[in-house]
Engineer: 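The structure is given below, and queries will be raised subsequently.
What you are looking at is a predicted structure, and each value in this text was computed from that prediction instead of being measured. So that the names make sense, note that chain A is the first sequence line, chain B the second, and so on, each numbered from 1.
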2 protein chains.
Amino acid sequence: MSEVRKQDQAAAVEKPTMRDALVTAAFRLFMERGFEQTTIDDIVAEAGVGRRSFFRHFPSKEDVVFPDHDGCLAEMTAFLQDADDAGDPVEQVCDAARLVLRAYAVNPAFSVQRYLLTKKVPNLRAHELSVVWRYERALAAHLRARYAARADGALRADVIAAAVVAAHNHTLRTWLRSGGEGDVTAAVGQALSFVAETWSGSQAPSAPESQDDEVVVVVARRGTPMWRVVRGVEAALDV
Amino acid sequence: MSEVRKQDQAAAVEKPTMRDALVTAAFRLFMERGFEQTTIDDIVAEAGVGRRSFFRHFPSKEDVVFPDHDGCLAEMTAFLQDADDAGDPVEQVCDAARLVLRAYAVNPAFSVQRYLLTKKVPNLRAHELSVVWRYERALAAHLRARYAARADGALRADVIAAAVVAAHNHTLRTWLRSGGEGDVTAAVGQALSFVAETWSGSQAPSAPESQDDEVVVVVARRGTPMWRVVRGVEAALDV
DNA sequence: TAATTTGGGGTACTGAGTGCCATTGCGAGG
DNA sequence: CCTCGCAATGGCACTCAGTACCCCAAATTA
């Protein structure tokens, strides 16, 4: 009942049993019959709690898939606030990104399950974008403050933040796609150094990578210029 | 019944009056009493159509705020597909971003209204992220094909695509915040050149064989809305 | 004129999310 | 021991987004 309190850095009040029970029950049902095929009533029945209690712990059905992103975001923000004003801001946001990575790497099985869900549920993908967007804004805000003296500081901050997030997510997704095998930390480190060295100092990037061949199925309306709709798809597919 | 096909680049069946009436009615009510305070019934009552017809043209309440993003995405993808394989890929995706900018600049008043809505409605902000994500994936897919020969091609593609989108959005938002004053095209051009100059010129051409190893199947019923096509495709692709 | 196709309307249903209130568990003070 | 908060939870009832199903009208075709 009381040994559940571990990650005290989450800066959130611990709801020892109920919250975890809901997450566990939700994931079991989501993996078993799919996200959209699972109702809130199914989850609360599986967890043995009342329906109203679900929304007391999670604002929406999607949020149960990202149960600790609030804590992680708070952790990242605190880290950036404590960052040395004399240090390299690009390196600092890269370290902040590594902090997020650690949250994923702590529980690979959970992260892979979540990846499989978000990959094929549009609702969850959209929700994940919102989550990632908050991280990116936090990084951009830090860079913006550090680049306040530059004329193009705000633009530079937004671009670097986006690049850091993209490099982080690219490597993370590759790792998740592999099922959580190998050393993510090292891979993300290489990817981040590729970004960091673009704006910080010397050069020497290059990370091993293999492109994946995919089968494309295009659905379009009869009588429409086919070549147009056909292109409109491969944009949407490449995850 | 046959002179209706005008803007063939939209690759969508023309719904002359009804669709536009719904968009106009929706925006009037959204600006007047807010997005969440407006129900679908309010919109269809204002437009003088049946409730069921709303969902025949828009998959969700949020989509009415981005009525032409499907056509714009198709246009951008077509542009990238027609791009010269010998040209600089970074410049090409920058031009593609300029294409999207043009869609915003065509109707500044509408774009500013939409910006004011998405700025303060979390639901709309999340939906906009999904829209932007599709553009970014289209750019990344093009870069990925062009960088197929590189070892770190996929990472580089994702990072550059994210940077281009960030630069585009940064400038666009600044312009929208100003109420649509000034020359966006020039401002975005500067921002994009900032990105292009950091990554351009270091490309390794070496033709990636082709993308013809993809299987393409086109099936649909006549009159299917564009969003339904796109969604059906994404479902079939597990994107 | 009857059958079919196409676009739109109407009704009823599912399910997410919310507000309100009753209940239960628990510590403090009488 | 009782009871007064007090916080957490459960139990409804409600709104509204989104969907399935059926109907209707106009246009087309046999």
Engineer: Which residue pairs pass the side chain to side chain donor-acceptor pair (under 3.5 Å) test when at least one of the two sits in residues 98-113 of chain B, sequence neighbours left out?
Structural biologist: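 Applying side chain to side chain donor-acceptor pair (under 3.5 Å) to every pair that reaches into residues 98-113 of chain B, excluding sequence neighbours, yields B/Glu75-B/Arg102, B/Asp95-B/Arg98.
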Engineer: Rounding to an integer number of Å, can you tell me how far B/Met18 CE sits from C/dT6 C1'?
Structural biologist: 12 Å
Engineer: So does B/Val65 get a backbone contact from the side chain of B/Arg114, meaning a donor-acceptor N/O pair under 3.5 Å?
Structural biologist: yes
Engineer: Suppose the criterion is side chain to side chain donor-acceptor pair (under 3.5 Å): which pairs have a residue in residues 22-31 of chain A, not counting sequence neighbours?
Structural biologist: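 Matches after skipping sequence neighbours: A/Arg28-A/Glu46.
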Engineer: With sequence neighbours left out, what residues match A/Asn169 under side chain to side chain contact (heavy atoms under 4.5 Å, CB included)?
Structural biologist: A/Val132, A/Val165, A/Arg173
Engineer: Expected output is a numbered-order residue list: members of residues 27-45 of chain B with a heavy atom under 4.0 Å from any atom of DNA chain C. What is it?
Structural biologist: none
Engineer: In whole angstroms, how far is the C1' atom of C/dG15 from the CZ atom of A/Phe54?
Structural biologist: 13 Å
Engineer: For B/Arg33, enumerate each residue passing the salt bridge (Lys or Arg N to Asp or Glu O under 4.0 Å) test, keeping only those at least two apart in sequence or located in another chain.
Structural biologist: B/Asp42
Engineer: Do A/Arg51 and C/dG15 have a side chain to base donor-acceptor pair shorter than 3.5 Å?
Structural biologist: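 For A/Arg51, whose side chain was compared with the base of C/dG15, there is no donor-acceptor pair (under 3.5 Å).
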Engineer: What nucleotide among D/dG10, C/dG17, D/dG18 has an atom nearest to a side-chain atom of A/Arg56?
Structural biologist: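 Of the candidates, D/dG10 comes closest.
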Engineer: What integer distance in Å separates A/Phe55:CZ from D/dG10:C1'?
Structural biologist: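 Taking atom C1' of D/dG10 as the reference, CZ of A/Phe55 is at 14 Å.
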Engineer: Return yes if the base of C/dG17 and the side-chain atoms of A/Arg52 contain a donor-acceptor N/O pair under 3.5 Å, otherwise no.
Structural biologist: no
Engineer: Does C/dG7 have its OP1 or OP2 closer than 4.0 Å to a side-chain nitrogen or oxygen of B/His57?
Structural biologist: no
Engineer: Taking atom C1' of D/dT15 as reference, at what distance in whole Å does atom NZ of B/Lys61 sit?
Structural biologist: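 After rounding, the gap between these two atoms is 11 Å.
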Engineer: Among all residues two or more places apart in sequence or in another chain, which pass the side chain to side chain contact (heavy atoms under 4.5 Å, CB included) test with A/Leu129?
Structural biologist: B/Leu129, B/Ser130, B/Trp133
